[in-house]
Amino acid sequence: MSLFLIRLGELTLKKGSRGFFEGTLKRNIIQRLKGIRHELKISDGRYYLYIEDDCYDDFVSSILSKTFGIADFHKAYRLPLSMSGIEAGVNKLIQSLDSQRASFKIESRRSNKSFSYGSYEICAHLGQMVAQKYPYLHVDVHDPDWTIMVEIRESCYTYMKAKEHQSAGPGGLPVGTAGRGLLLLSGGIDSPVAGWMMACRGLQLLAVHFHTPPYTGCEALQKAKDLSQKLADWNINGNLVLFLVNFTQIQLKIREMTDPRYGTVLARSCMMQIAEQIAQREGASVLITGEALAQVASQTLDSLAVTDQSVRMLILRPLIGMDKQDIIQRAQYLESFDISVQSGTDCCALFAPENPVTKPKMDQAQEMLAAASLEDLIHQAAVQAEREIISAREYSHCLKV
């Protein structure tokens with residue numbers, strides 16, 4: 001049996017609502033571990049996760065590293081409250097080290113004051129024991145390769161922290177504590193990062209992707225599904241609901257009946273309206289986009305104002321003030337970057353005008369939309385959107401059959 005000691009993140013700052021956040025995080029962990037025999041206990045701001053079969057340790061570590069609300073976690077040993085028991089746990093930790101030459105230090109936290117040894121005495125005793133028994137290890141209290149942690153609670157818990165903190169959780173708030181949000185997912189770099197950032201703040205994600213067959217092919221559609229799979233890793237139960245909207249008729253009518261320079265901003269307005277209808281139907285309260293201020297013509301202040309005016313629902317733009325390189329770094333962390341840069345043109349780029357307007361007039365945009373009479377097509381596109389459940393790849397193949 002394996003034990004993972006999990007430390008909570010920002011949610012520990014909550015007061016009256018802390019129980020709600022802790023309960024949501026517990027449910028999220030349990031849902032992701034469905035199919036694995038385990039027990040999860042909460043005590044004094046810690047989660048204690050017991051896994052019956054240690055062959056799942058790597059899989060469990062992967063799940064915990066992608067569960068928002070967790071600050072860090074470590075594989076630990078639970079030991080009796082005695083110095084000999086603690087020594088046995090420390091020996092197990094050292095014997096599991098890959099490196100035979102390393103520096104170490106020992107830290108002790110004693111919340112159980114009934115234990116007869118103080119924190120300093122514990123550290124001094126264990127440090128001496130390790131130095132004598134393992135001469136290839138040397139003490140470095142300032143910058144050790146490994147820190148041996150000892151926590152004295154109702155039992156004793158020991159675990160190891162590496163210099164390059166390999167067991168870091170993502171922090172943030174548990175997914176689902178802030179409600180539901182619908183992400184407008186293109187095939188580009190930005191929108192997956194935007195969705196990931198809002199999931200970090202507790203939003204359960206759904207996604208909608210617009211395609212224009214036959215002008216966009218299977219490659220663009222597959223990109224959207226592959227990106228959804230990356231986001232599903234971080235979502236409730238390892239799943240993401242993806243809506244696929246056929247946007248061809250609307251796109252063609254915009255090109256036919258409106259000023260070409262306004263084509264992209266009007267298409268974005270229609271996408272927002274379709275997304276709003278899907279979101280309302282699915283119980284989502286906000287829309288999420290990957291727009292960053294002035295990055296392209298449809299993301300100037302005037303263009304964003306036009307798209308904002310097309311819906312009543314709140315639009316969240318977490319990337320609005322970010323530098324492109326910072327967005328790319330987050331996409332690489334999310335492992336979505338290599339997918340986003342694959343070939344495959346999305347419908348916005350395919351129908352983009354040569355000279356798009358950067359300062360669209362609100363009244364002119366609204367007049368063109370009204371003249372094009374797109375309401376029925378917008379409603380039809382929302383109603384006929386295909387619904388797919390995308391599952392995280394690791395979740396679908398790591399469990400025993």
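Hydrogens, waters and symmetry mates play no part in the numbers below; they use all other heavy atoms, side chains included.
Here the straight-line distance linking atom CD1 of I6 with atom OH of Y48 works out to 11.0 Å at 0.5 Å rounding. To the nearest 0.5 Å, atoms CD (Q364) and OH (Y262) are separated by 4.0 Å. With rounding to the nearest 0.5 Å, the separation of CD in Q295 from CG in D323 is 9.5 Å. Atom CD of Q251 is separated from atom CZ of F210 by 10.5 Å, given to the nearest 0.5 angstrom. If you take OG on S228 and CG on N239, they are separated by 11.5 Å, rounding to the nearest 0.5 Å. Once rounded to the nearest 0.5 Å, the distance linking CG of N237 with CG of L33 reads 10.5 Å.
One N or O on the side chain of R110 and one on the backbone of F115 form a donor-acceptor pair closer than 3.5 Å. No donor-acceptor distance shorter than 3.5 angstrom exists from the side chain of K253 to the backbone of L374, with no hydrogens or angles considered. Proximity of a side-chain donor or acceptor of K223 to a complementary backbone N or O of S340 within less than 3.5 Å is detected. Proximity of a side-chain donor or acceptor of R32 to a complementary backbone N or O of L64 within less than 3.5 Å is not detected. Counting only distance, with no hydrogens or angles, the side chain of T258 and the backbone of R255 share no donor-acceptor pair below 3.5 Å. The backbone N or O of A292 lies less than 3.5 Å from a partner atom in the side chain of Q299, making a donor-acceptor pair. Between the side chain of T300 and the backbone N or O of T358, at least one donor-acceptor pair lies under 3.5 Å. The main-chain N or O of V90 is never found under 3.5 Å from a side-chain atom of Y77 such that the two would form a donor-acceptor pair. Within the 3.5 Å criterion, the main-chain N or O of V175 finds a donor-acceptor partner in the side chain of N28. The main-chain N or O of D57 is never found under 3.5 Å from a side-chain atom of D54 such that the two would form a donor-acceptor pair.
Under the 4.5 Å side-chain criterion, counting only non-hydrogen atoms from C-beta, H38 is not in contact with V60. Residues E151 and Y159 are in side-chain contact: their nearest non-hydrogen atoms beyond the backbone lie under 4.5 Å apart. Side-chain contact between L3 and Y157 is present, with heavy atoms from C-beta onward closer than 4.5 Å. Taking the side chain as every heavy atom from C-beta outward, H211 and L244 approach each other to under 4.5 Å. Residues W196 and L231 have side chains in contact (heavy-atom distance under 4.5 Å, counting atoms from C-beta outward). Within the 4.5 Å cutoff, side-chain heavy atoms of Q204 are placed close to those of N235. Residues M322 and R330 form a side-chain contact, since some pair of their non-hydrogen atoms from C-beta on lies under 4.5 Å apart. At a threshold of 4.5 Å between non-hydrogen side-chain atoms, the residues L173 and F68 do not count as touching.
Taking a cutoff of 4.0 Å between a charged side-chain nitrogen and a carboxylate oxygen, R317 and D308 qualify as a salt bridge. Using a 4.0 Å cut-off between a side-chain N of Lys or Arg and a carboxylate O of Asp or Glu, E107 and K161 do not qualify as a salt bridge. Electrostatic pairing of K359 and D302 does not count as a salt bridge here, judged by no charged N lying under 4.0 Å from a carboxylate O. Taking a cutoff of 4.0 Å between a charged side-chain nitrogen and a carboxylate oxygen, R261 and D259 qualify as a salt bridge.
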(Q) Go through it in stages, so that I can follow the logic: the residues are Q222 and D226, the test is side chain to side chain donor-acceptor pair (under 3.5 Å), and I'd like the CA-CA distance, side-chain angles, deciding distance and then a yes or no. (A) CA-CA 6 Å; Q222 189 59 49; D226 291 343; 2.9 Å; yes
Q) For Q280 and E276, what are the C-alpha separation, side-chain angles and deciding distance, and is it a side-chain contact (heavy atoms from CB on, under 4.5 Å)? A) CA-CA 6 Å; Q280 291 171 341; E276 182 179 49; 3.8 Å; yes
**Q.** Criterion side-chain contact (heavy atoms from CB on, under 4.5 Å) on R27 and T24, from CA distance to verdict
**A.** CA-CA 5 Å; R27 286 193 300 274; T24 302; 3.2 Å; yes
Q: Evaluate the criterion side-chain contact (heavy atoms from CB on, under 4.5 Å) for residue pair H209 and L221; output intermediate values, then yes/no.
A: CA-CA 8 Å; H209 176 74; L221 207 56; 3.9 Å; yes
Q. What do the steps show when you test F21 against L13 for side-chain contact (heavy atoms from CB on, under 4.5 Å), and what is the final call?
A. CA-CA 10 Å; F21 285 87; L13 302 176; over 6 Å; no
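Nearest heavy-atom pair across G290 and L319 is O-CD1, 3.7 Å. The two atoms that bring Q277 and A382 nearest to each other are OE1-CB, 3.6 Å, heavy atoms only. Taking each heavy atom of S61 and F4 in turn, the nearest pair found is OG-CE2, 3.5 Å. Of all heavy-atom pairs spanning L11 and R18, the tightest one is O-CG, 4.0 Å. Across every non-hydrogen atom of S103 and P144, the tightest pair is OG-CA, 3.4 Å. Scanning both residues, S155 and R78, for their nearest heavy atoms gives OG-NE, 3.1 Å.
Counting heavy atoms of neighbouring residues, nucleotides and ligands inside a 6.0 Å radius, atom NZ of K361 does not exceed 12 of them. Heavy atoms of other residues, nucleotides or ligands lying less than 6.0 angstrom from CD of Q128 number 12 at most. Residue H138 places its NE2 atom among more than 12 non-hydrogen atoms of other residues, nucleotides or ligands, all under 6.0 Å distant. In this structure, D376 places its CG atom where only 12 or fewer heavy-atom neighbours from other residues, nucleotides or ligands lie under 6.0 Å away. Atom CD1 of I389 sits in a sparse spot, with 12 or fewer heavy atoms from other residues, nucleotides or ligands closer than 6.0 Å. Within a 6.0 Å sphere centred on CZ of R46, other residues, nucleotides and ligands contribute more than 12 heavy atoms.
Residues that satisfy the side chain to side chain contact (heavy atoms under 4.5 Å, CB included) test with Q95, not counting sequence neighbours, are N91, Y134.
Among L314, T307, I315, the single residue meeting the side chain to side chain contact (heavy atoms under 4.5 Å, CB included) criterion with V311 is I315. Exactly one residue among E219, E388, E386 makes a salt bridge (charged side-chain N to carboxylate O under 4.0 Å, His left out) with K225. That residue is E388.
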